[in-house]
Colleague: 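Please see the structure below; I have some questions.
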2 protein chains.
Amino acid sequence: MAPSKSESAYRLLHEKITEGTFTPGYRLVLGTIAAELGCSVVPVREAIRRLEAEGLVTFERNVGAMVAAADTTLYLHTMQTLAIIEGAATALSAPFIDADQLAAARAINQAMADLLVDFDAVRFTELNNEFHQVLYRNCPNPHILELVHRGWNRLAVMRTSSFTHIPGRARESVAEHARLLDLIETRAPAAQIEQAARAHRTTTLNAYLAAANLPASPI
Amino acid sequence: MAPSKSESAYRLLHEKITEGTFTPGYRLVLGTIAAELGCSVVPVREAIRRLEAEGLVTFERNVGAMVAAADTTLYLHTMQTLAIIEGAATALSAPFIDADQLAAARAINQAMADLLVDFDAVRFTELNNEFHQVLYRNCPNPHILELVHRGWNRLAVMRTSSFTHIPGRARESVAEHARLLDLIETRAPAAQIEQAARAHRTTTLNAYLAAANLPASPI
DNA sequence: GTGTATGAAATCGTATACGATCTAGTGTGA
DNA sequence: TCACACTAGATCGTATACGATTTCATACAC
């Protein structure tokens with residue numbers, strides 16, 4: 001069955017926002033978008049409210065919607081939340097990751113390592129996403145997986161790459177991935193895996209915090 | 001300014017669902033609700049989609065909405081997610097909890113202890129919510145606070161009280177609260193507070209898992 | 001120049017209407 | 001009895017229309 005118009009509108013806007021066509025602050029005018037999509041405003045309105053619920057869009061009554069702003073505070077809060085959620089997601093997924101998946105993850109990480117010589121931030125970020133996708137795919141708790149995706153989307157809107165902003169972060173990242181895979185392969189205790197996965201994000205978070213003269217995240 | 005009709009509809013439905021007037025499986029028919037509220041179906045539809053985004057309602061195209069089902073799996077996943085989020089929320093809030101708030105929390109916990117003799121599950125649950133409200137109020141990360149509230153709402157819909165289902169859980173709970181407050185008062189390390197707060201939920205979760213002959217949560 | 005009133009344009013919020021789709025009940029034939 | 005086709009009713013999905021609110025530019029008073 002063809003998707004409903006509201007669904008189509010949602011997907012289109014979601015993609016344009018996360019891909020960066022619509023940058024933070026871009027105004028989403030119901031009538032304009034409706035005209036572009038060849039539908040009426042009602043489905044567009046619904047799509048925008050869904051995006052609002054996901055935190056990708058802010059909405060003000062009688063004023064309208066815009067792509068969510070991308071201030072530093074928001075970024076740090078999102079990073080901190082993701083650190084917690086991704087730590088848990090990795091620990092919960094780990095027991096279900098088989099040899100094939102491990103091999104796939106190692107291959108992706110190797111490709112990331114190869115990219116370090118002639119660095120390409122966009123490609124590196126893509127590979128990084130793929131890497132974590134493999135790690136989380138087996139998470140038995142769908143709620144947690146959903147929260148991971150929400151967090152990623154919010155980060156995507158902000159288009160702030162730690163790989164370009166923090167010197168040496170890309171190289172560190174590859175090393176941390178390798179350690180994480182070792183822990184998973186040896187079936188290390190869940191707490192240890194969670195700790196390592198969380199630290200993988202927290203390192204970046206704390207680098208930003210230090211740059212802003214703020215104290216490090218306590219957890 | 002008076003709330004918009006869509007906002008009113010949202011609040012009304014949210015309350016009826018979390019308070020238990022509308023139980024899981026209850027069908028939310030657009031036309032009927034619109035008639036009750038004295039508005040048209042458009043705002044009601046919007047309210048329902050918001051509730052769907054929060055996981056309180058399930059929606060099927062061309063069929064309609066109903067209050068989200070409350071199966072065991074869903075309950076366990078929600079509990080596990082909350083364990084992780086609440087652990088983090090407590091640890092992040094702890095440094096900002098002052099003497100007054102500590103005293104308030106202790107008073108609530110004492111009231112819960114008093115209730116153990118002549119047990120009243122409803123009142124006990126209310127106090128339990130108040131207790132945790134005090135603990136989380138200072139959380140500096142609004143995203144995490146939002147996730148706590150979402151989790152609570154999902155649990156509220158299911159109306160499954162560990163205090164009545166698990167023998168001795170209420171008494172244990174009061175003791176765990178006291179230990180948690182001690183850790184906060186002595187400014188224990190964040191990791192230790194997180195661990196204690198998470199365990200407070202995980203204990204319940206694992207009791208349910210054990211009852212269902214399932215392995216305990218790894219984290 | 002600054003602040004305020006005013007009006008027009010832009011945009012949203014929601015009512016209404018109607019076609020599309022699903023569901024359930026009924027009848028028919030094997 | 002069972003499977004299937006069909007119909008009627010219920011309900012949703014979305015177009016259209018219009019009033020309500022906000023925004024912004026302009027004009028005016030001080």
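Computation of the quantities below employed the complete heavy-atom set of this structure, encompassing side-chain atoms and omitting hydrogens, waters and symmetry-equivalent molecules. Protein chains get the first letters and strands the later ones, always in sequence-line order, with residue 1 at the start of each. The structure displayed is predicted, hence computed values, not measured ones.
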Colleague: Closest approach to the side chain of Val63(B), judged atom by atom: which nucleotide of dC22(C), dT11(D), dT16(D) is it?
Modeller: dC22(C)
Colleague: Does Arg49(B) have any side-chain contact (heavy atoms from CB on, under 4.5 Å) partners at least two apart in sequence or in another chain, and if so, which?
Modeller: Glu46(A), Arg50(A), Arg45(B), Glu52(B), Phe59(B)
Colleague: Take atom CG of Leu30(A) and atom P of dA17(D), then tell me their distance rounded to the nearest Å.
Modeller: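 Atom CG in Leu30(A) sits about 17 Å away from atom P in dA17(D).
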Colleague: Return the value, rounded to whole Å, for the distance between atom CD1 of Ile33(B) and atom P of dT11(D).
Modeller: 11 Å
Colleague: Between dT11(D), dT14(D), dT23(C), which nucleotide gets closest to the side-chain atoms of Arg27(B)?
Modeller: dT11(D)
Colleague: Need one value for Ile48(A): base, sugar-phosphate or nothing, where a base atom within 4.0 Å counts as base even if backbone is also close, heavy atoms only.
Modeller: nothing
Colleague: Between Glu46(B) (CD) and dC12(C) (P), how many Å, whole number?
Modeller: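 Taking atom P of dC12(C) as the reference, CD of Glu46(B) is at 12 Å.
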Colleague: Counting side-chain heavy atoms from CB outward, which of dC22(C), dT11(D), dT16(C) is closest to Val41(B)?
Modeller: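 Taking heavy atoms from C-beta onward, the closest nucleotide is dT16(C).
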Colleague: What are the two closest heavy atoms between Ile144(B) and Ala89(B), and how far apart are they?
Modeller: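 That would be CG2-CB, 3.8 Å.
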Colleague: Can a donor-acceptor pair be found, under 3.5 Å and without considering hydrogens, that links the side chain of Asn141(A) to the backbone of His77(B)?
Modeller: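 Side chain of Asn141(A) to backbone of His77(B): a pair is present.
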Colleague: Which residue lies toward the 5' end of DNA chain D, Pro43(A) or Gly31(B), if each is placed at its nearest nucleotide?
Modeller: Gly31(B)
Colleague: Under 4.0 angstrom, heavy atoms only, what part of the nucleic acid is Leu28(A) near: base, sugar-phosphate, or nothing?
Modeller: sugar-phosphate
Colleague: Would you kindly give the CZ-to-P distance between Phe59(B) and dT11(D), to the nearest whole Å?
Modeller: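 Distance check: Phe59(B) CZ to dT11(D) P gives 13 Å.
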Colleague: What's the CE-C1' distance between Met66(A) and dC12(C), to the nearest Å?
Modeller: 14 Å
Colleague: Within this structure, what is the CD-to-P distance between Glu7(A) and dA20(C), rounded to whole angstrom?
Modeller: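 Atom-to-atom, Glu7(A) to dA20(C), this comes out as 21 Å.
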Colleague: Heavy atoms from C-beta onward define the side chain here; which of dT14(C), dT14(D), dC12(D) lies closest to that of Ser4(B)?
Modeller: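 Within the option list, the nearest is dT14(C).
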Colleague: Between atom CZ in Arg61(A) and atom P in dT11(C), what is the gap in whole Å?
Modeller: 19 Å
Colleague: With no hydrogens and no angle check, just 3.5 Å: does a side-chain donor-acceptor pair link His143(B) and Thr78(A)?
Modeller: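 Yes, a side-chain donor-acceptor pair sits under 3.5 Å.
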Colleague: Sequence neighbours excluded, which residues qualify as ring pair (Phe, Tyr, Trp, His ring centres under 6.0 Å) partners of Phe124(A)?
Modeller: Phe119(A), Phe163(A)
Colleague: On DNA chain D, nearest-nucleotide positions of Ser6(A) versus Glu60(A): which is more 5'?
Modeller: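 First, find each residue's nearest nucleotide; the 5'-ward one identifies Ser6(A).
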Colleague: Can you tell me the distance, in whole Å, between the CG atom of Asn62(A) and the P atom of dG19(D)?
Modeller: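 Taking atom P of dG19(D) as the reference, CG of Asn62(A) is at 16 Å.
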